[in-house]
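What follows is a single structure, written as structure tokens, with notes after it.
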Amino acid sequence: QVHLVESGGGLVQAGGSLRLSCAASGRTFRTNAMGWFRQAPGKEREFVAAISGSGGRTDYADSVTDRFNISRDNAKNTVYLQMNSLKPEDTAVYYCAVSQFTFPRQPTDASEYLYWGQGTQVTVSS
């Protein structure tokens with residue numbers, strides 16, 4: 001059975017940084033893209049970033065480009081999201097996900113992802 005467990009969320013002041021981790025268990029995902037989504041209160045879940053199975057290709061939402069960085073360690077079956085220059089509007093529950101594809105045709109589409117974690121809360125105070 002596949003499990004994705006996110007960690008690293010918390011409360012941080014605007015301008016600060018956090019590093020989220022998502023550890024997968026149950027099988028390896030070296031050939032699967034992985035991604036991060038987030039959902040703020042009262043809003044729909046939105047795409048944040050995605051990375052290909054090899055790590056050679058990434059994609060970011062416009063709102064986080066140049067501030068967030070997605071990476072992965074296939075030896076640890078783990079994906080990371082380094083978040084810098086955080087803003088109050090980054091406050092949300094962050095979810096990691098695994099795609100059934102090496103890289104989704106539309107990485108922003110949640111339906112391209114097969115497995116999801118339970119989420120970790122990120123709160124950015126002003």
What do the steps show when you test Asp73 against Thr78 for side-chain hydrogen bond (donor to acceptor under 3.5 Å, both in side chains), and what is the final call? CA-CA 5 Å; Asp73 184 340; Thr78 299; over 6 Å; no

Walk me through it: do Phe103 and Asp59 pass the test side-chain contact (heavy atoms from CB on, under 4.5 Å)? CA-CA 10 Å; Phe103 198 80; Asp59 194 15; 4.0 Å; yes

Begin from the C-alpha positions of Met34 and Arg72 and carry the test side-chain contact (heavy atoms from CB on, under 4.5 Å) through to its verdict. CA-CA 9 Å; Met34 299 183 76; Arg72 65 190 295 164; 3.6 Å; yes

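Side chains of Thr123 and Gln121: a donor on one and an acceptor on the other come within 3.5 Å. Side-chain atoms of Asn32 and Arg30 form no donor-acceptor pair, as typed in the model, at a separation below 3.5 Å. For the residue pair Thr28 and Asn77, no side-chain donor N or O sits within less than 3.5 Å of a side-chain acceptor on the partner. Under 3.5 Å, the side chains of Tyr60 and Asp66 contain no donor-acceptor pair of N or O atoms.
In plain terms, the two heavy atoms of Pro104 and Tyr113 that are nearest each other are CG-OH, 3.9 Å. Residues Glu112 and Gln106 approach most closely at CG-O, 3.3 Å, considering heavy atoms. The minimum heavy-atom distance linking Ile51 with Ser71 is given by the pair CD1-CA, 3.6 Å. Minimum heavy-atom separation, Leu81 to Ala49: CD1-CB, 4.2 Å. For the residue pair Asn84 and Ser17, the shortest heavy atom distance occurs at OD1-OG, 3.0 Å.
Transitive grouping of hydrophobic side chains (ILVMFWY, heavy atoms separated by less than 4.5 Å) brings Tyr115 and Tyr94 into a common cluster. Cluster annotation: Leu20 and Leu11 are assigned to distinct hydrophobic clusters (Ile/Leu/Val/Met/Phe/Trp/Tyr, side-chain heavy-atom contacts under 4.5 Å, transitive). Val79 and Phe101 fall into different hydrophobic clusters, where Ile, Leu, Val, Met, Phe, Trp and Tyr side chains are chained together by heavy-atom contacts under 4.5 Å.
Here the CG atom belonging to Asp90 is positioned 4.0 Å from the CZ atom belonging to Phe68, to the nearest 0.5 angstrom. A distance of 9.0 Å separates CD of Gln1 from OG of Ser25, quoted to the nearest 0.5 Å. Considering CG of Leu86 and OG1 of Thr91, their distance stands at 8.5 Å, rounded to 0.5 Å. A distance of 10.0 Å separates CG of Leu4 from CH2 of Trp116, quoted to the nearest 0.5 Å. In this structure, CG in Asp109 is found 10.5 Å from CZ in Phe47, a value given to the nearest 0.5 Å. A distance of 8.0 Å separates CD of Glu44 from CD of Gln39, quoted to the nearest 0.5 Å.
Both the sub-6.0 Å distance and the 45° axial angle are satisfied by Arg19 relative to the ring of Tyr80.
Side-chain N or O atoms of Asn74 include one that pairs as donor or acceptor with a backbone N or O of Gly53 at under 3.5 Å.
At most 12 heavy atoms of other shown residues, nucleotides or ligands fall within 6.0 angstrom of atom CZ in Arg57.
The closest side-chain heavy-atom distance from Val98 to Leu114 is not below 4.5 Å. When side chains are defined from C-beta on, Val122 counts as touching Leu18, because their heavy atoms get closer than 4.5 Å. When side chains are defined from C-beta on, Trp36 counts as touching Glu6, because their heavy atoms get closer than 4.5 Å.
Ring to ring, Tyr95 and Phe37 are not that close: their centroids are 6.0 angstrom or more apart.
The existence of a salt bridge linking Glu46 and Arg38 is confirmed by a sub-4.0 Å separation between a basic side-chain nitrogen and an acidic carboxylate oxygen.
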